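Worksheet: one structure, shown below.
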Amino acid sequence: MSVETIAVIISIVTMLLAFFGVVGWLAARIYAGDQKLSARIDTMDDMLTKRIDSLGKKLSGRIDGVERELIEVKIGLARLERPPRRLLPVR
């Protein structure tokens, strides 16, 4: 083998090692970023779940209050309207 052939083989091996090193480094960075993103998504999910639950409770309380007021309005209207008068008194 000539010196040029050995130099080419060494260059190819060096370039392949560098290529696989860069690919490995990128894979590690992507994996770390994926884990970081997953953790952040989990915290946001927990935060949104808590907020939705608190808003659900608040809305449920408001709906119950409106229901109570509606019942009071119905009772008030029933008292105002009174039953119809009869021509003959009931004995």
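These numbers were taken from a predicted model, which means no experiment stands behind them.
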Among all residues two or more places apart in sequence or in another chain, which pass the side chain to side chain donor-acceptor pair (under 3.5 Å) test with Glu69? none

Give the other cluster members for Val3, using side-chain heavy-atom distances under 4.5 Å between Ile, Leu, Val, Met, Phe, Trp and Tyr residues; answer none if it is isolated. none

Those residues at least two apart in sequence (or on a different chain) that pass side chain to side chain contact (heavy atoms under 4.5 Å, CB included) with Ile10 are Ile6, Thr14

Audit row: Met15, Ile12, side-chain contact (heavy atoms from CB on, under 4.5 Å) steps and yes/no: CA-CA 5 Å; Met15 291 178 92; Ile12 290 173; 5.8 Å; no

Is there a donor-acceptor pair closer than 3.5 Å between any side-chain N or O of Ser38 and the backbone N or O of Asp34? yes

Acceptor/donor pairs from residues 21-31 side chains to any protein atom, 3.5 angstrom cut, sequence neighbours excluded:
unit_1, atom_1, unit_2, atom_2, d
Tyr31, OH, Gln35, NE2, 2.8

Compile the donor-acceptor pairs under 3.5 Å between side chains in residues 51-62 and protein atoms, sequence neighbours left out, one pair per line.
unit_1, atom_1, unit_2, atom_2, d
Ser54, OG, Arg51, O, 2.8

Across all chains, not counting sequence neighbours, the side chain to side chain contact (heavy atoms under 4.5 Å, CB included) partners of Asp45 are Thr49

If you group Ile, Leu, Val, Met, Phe, Trp and Tyr whenever their side-chain heavy atoms sit less than 4.5 Å apart, what else falls in with Leu77? Val73

Under the rule for side chain to side chain contact (heavy atoms under 4.5 Å, CB included), what residues qualify as partners of Ile41, not counting sequence neighbours? Leu37

Glu4 meets the side chain to side chain donor-acceptor pair (under 3.5 Å) criterion, sequence neighbours left out, with Ser2

Could you work out the complete set of other residues in the hydrophobic cluster of Leu70, with links drawn between I, L, V, M, F, W and Y side chains under 4.5 Å apart? none

Check which hydrophobic residues are tied to Ile71 through side-chain heavy-atom contacts below 4.5 Å, counting indirect links as well, and list them. Ile75

